[in-house]
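Data block below; observations after.
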Amino acid sequence: MTSTELDSPALEQAQLEEVAARAVRLAIEGGAAGAECTLVQGDEFSVNVRRGEVENLKEAGSRGAGIRVLRGKRTGSAYTSDLTASGVAAMVTGALEIADITNDDPFAGLPDERELGVIDGDLQLYFEDVASLDSVDKINRARAAEAAAFAFDARINNSDGASFDSYTGLRVFANSHGFVHSYRTSSCALSMAAVARESGSMERDYWSTAARTSTRLEAPEYVGRKAAERTIRRLGARKLTTRNAPVMFEARIARSLLSHLFDAVNGSAVYRNASFLAGRLGQAIAPAHVTIVDDATLPGLFGTSPSDDEGVPSRRTVVVEQGALASYLLNTYAARRLGFKTTGNASRGLTGAASIGHGNLYLQPGQLSPEQMMCEMGTGLYVTDLMGFGVDTVTGDYSRGAGGIWVENGEFAYPVSEITIAGTLPEMLGRITLIGSDLEFRSSLASPTILISEMTISGQ
């Protein structure tokens, strides 16, 4: 391939596959026992509109390659944005030189050749409409969302802005087992953050929508109204006295608990004994109505892919089955450290060894609507906002700033703010009393509304 061809704005998929495969061949020819190359090319757009005017606009394209080589049990990595023949050769040379000075790691290595592959079928990861949307349309969508927020209520007197973001890209992976595969992705998102003021009280809230295709986005008018509605209901927020009470996490907030759970079932944390779930496979960690699944095979979602970033086919893994811890999430390295098989959860950037990521990690829904759950709860806290980072997945300790709405007699009573909710993750999992029916995949983490029977609420 010539330098001129490689300098073109967007390389063809087959060309990029050849670049990755050639990098692997060069590594083997240079004395590597194994090698794997990741290559990414993408185009992104982002615009932020505030009070009808464009505040920030970014259009950018990027591409780069990274290689990881093995000399025996020593590894080295390097990356480059220069995909010419000389640039790729220099990247490979750099990785080999680094491998020469690193220490042996008995668990280092590629997946077994028999573990490699991709899942079949259209996973709905790429939609041409995202690439064909023009900039004016994207700006107008953001403007329409903001205008709808201002029109909702006179108390919406300011805006933190509405934004539209889009991305189209191509990911290529090749290794020295002869595996070469690539796939294209697209995504777009629209969000709006409104500010309201009344009687000295000022509040902010937002709403957003995201999808692989623009046709699945919520309408700009809906996004704006929803952001305004959520902001207005926060006005006049009160503080609470310290107490123990039931706590409901709205669906958007409940998914943060899955993020903490992922950190605890991440094989890297488990083999380092840095997780409160280390050594607890097969044990009950939640009530029997709790099942949590990691599934990277669901078409059209953000955590979906044909294979993980080591070339192992994506799959569905039940992490918590009817309350019992059924599986950790593993890449090849963590699996070897723990004496298991990879679960196809390798995740990597352009350089270094693969880490561990999740696919579409979600809590299976229950039967009740959030309104029915509030009736069951009677009195307690409905959490709509979390702040801070007071979560330790080594010990399980949990303490975060929160805001939301106090519920009495099964109905919203008044908004609350400047409180802290606290407990431990084992207690919180064990006290999941009800699970809502409102599961929506707005990101690669998804949860319905959940009710925890008791937490400590610290206030004034």
Side-chain angles (χ1 to χ4, degrees), residues 11 13-41 63-83 85 87-119 169-183 185 267-268 296 305-315 330-337 341-357:
L11 297 178
Q13 196 159 341
Q15 291 178 304
L16 289 175
E17 287 185 357
E18 172 54 28
V19 171
R22 180 158 49 84
V24 170
R25 289 197 301 270
L26 287 174
I28 299 302
E29 291 167 3
E36 48 195 6
C37 179
T38 301
L39 193 152
V40 176
Q41 178 172 275
R63 69 186 186 203
I67 193 162
R68 177 173 174 261
V69 302
L70 293 106
R71 285 191 185 273
K73 291 296 182 178
R74 293 171 294 157
T75 63
S77 299
Y79 71 97
T80 184
S81 58
D82 178 4
L83 302 188
V88 171
M91 173 185 71
V92 172
T93 298
L96 290 168
E97 290 174 348
I98 291 171
D100 285 337
I101 60 173
T102 58
N103 296 323
D104 282 352
D105 185 338
F107 301 101
L110 306 184
D112 189 284
E113 188 172 357
R114 293 167 295 183
E115 294 178 305
L116 301 174
V118 298
I119 58 176
L170 173 70
R171 188 174 187 89
V172 181
F173 180 77
N175 69 20
S176 52
H177 287 319
F179 179 90
V180 181
H181 187 258
S182 63
Y183 61 96
T185 63
S268 295
S305 61
S307 67
D308 76 354
D309 288 348
E310 291 181 313
V312 175
S314 296
R315 65 196 64 181
L330 309 168
N331 62 8
T332 298
Y333 184 85
R336 288 181 180 141
R337 292 289 301 254
K341 293 287 187 181
T342 176
T343 57
N345 285 93
S347 175
R348 62 158 32 102
L350 288 182
T351 188
S355 61
I356 296 172

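Only a predicted model underlies this, so the values are computations on that prediction, with no experimental measurement involved. Side-chain atoms are counted along with the backbone in the values below, which use heavy atoms only and exclude waters and symmetry mates.
The side-chain heavy atoms of Ser176 and Ile28, taken from C-beta on, include a pair separated by under 4.5 Å. Under the 4.5 Å side-chain criterion, counting only non-hydrogen atoms from C-beta, Lys341 is in contact with Glu115. Taking the side chain as every heavy atom from C-beta outward, Pro313 and Ile119 approach each other to under 4.5 Å. Counting only heavy atoms from C-beta outward, the side chains of Leu16 and Gln41 approach each other to under 4.5 Å. Within the 4.5 Å cutoff, the side chain of Pro111 has no heavy atoms near those of the Thr342 side chain.
Residues Ala174 and Val180 come closest through the heavy atom pair CB-CG2, 3.9 Å. Nearest approach of Pro306 to Tyr183, heavy atoms of both residues: CG-CD2, 3.6 Å. When every heavy atom of Val172 is checked against every heavy atom of Ser182, the shortest pair comes out as CG2-CB, 3.6 Å. Contact detail for Ala78 and Ala95: the closest heavy-atom pair is CB-N, 3.8 Å. Of all the heavy atoms in Phe107 and Arg337, the pair that sits closest is CD1-CD, 3.0 Å.
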field: Check against side chain to side chain contact (heavy atoms under 4.5 Å, CB included), Val40 and Leu350
entry: CA-CA 8 Å; Val40 176; Leu350 288 182; 4.0 Å; yes
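Side-chain N or O atoms of Asn175 include none that pairs as donor or acceptor with a backbone N or O of Glu36 at under 3.5 Å. Of the possible polar contacts, one joining the Thr343 side chain to the Leu330 backbone as a donor-acceptor pair under 3.5 Å is found. Distance alone, capped at 3.5 Å, places no donor-acceptor pair between the Asn331 side chain and the Asn345 backbone.
Enclosure of atom CZ in Phe179 by more than 12 non-hydrogen atoms of other residues, nucleotides or ligands within 6.0 angstrom is indicated.
No side-chain donor-acceptor contact under 3.5 Å links Asp82 and Thr80.
Taken to the nearest 0.5 Å, the OH atom of Tyr79 stands 7.5 Å off from the OG1 atom of Thr351. Between atom CG of residue Leu39 and atom CG of residue Leu83 there is a gap of 5.5 Å, rounded to the nearest 0.5 Å.
Ionic pairing of Arg348 and Glu310 is not present here: no N-O contact between side-chain nitrogen and carboxylate oxygen is shorter than 4.0 angstrom. A salt bridge is defined here as a Lys NZ or Arg NE, NH1 or NH2 lying under 4.0 Å from an Asp or Glu carboxylate O, and Arg25 with Glu18 meets this definition. Arg171 and Asp309 are joined by a salt bridge, as a carboxylate oxygen and a charged side-chain nitrogen come within less than 4.0 angstrom of each other.
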Under 3.5 Å, which donor-acceptor pairs do the side chains of residues 69-77 form with other protein atoms, sequence neighbours left out?
unit_1: Arg71; atom_1: NE; unit_2: Asp100; atom_2: OD1; d: 2.8
unit_1: Arg71; atom_1: NH2; unit_2: Gly30; atom_2: O; d: 3.3
unit_1: Lys73; atom_1: NZ; unit_2: Ala108; atom_2: O; d: 2.9
unit_1: Arg74; atom_1: NH1; unit_2: Asp100; atom_2: O; d: 3.2
unit_1: Ser77; atom_1: OG; unit_2: Gly352; atom_2: N; d: 3.4

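Listed by chain and residue number, Ser314 satisfy the side-chain hydrogen bond (donor to acceptor under 3.5 Å, both in side chains) test with Ser305 (two or more places apart in sequence, or in another chain). Annotation: side chain to side chain contact (heavy atoms under 4.5 Å, CB included) contacts of Ala23 (sequence neighbours excluded): Cys37, Ile67, Val88, Met91, Val92.
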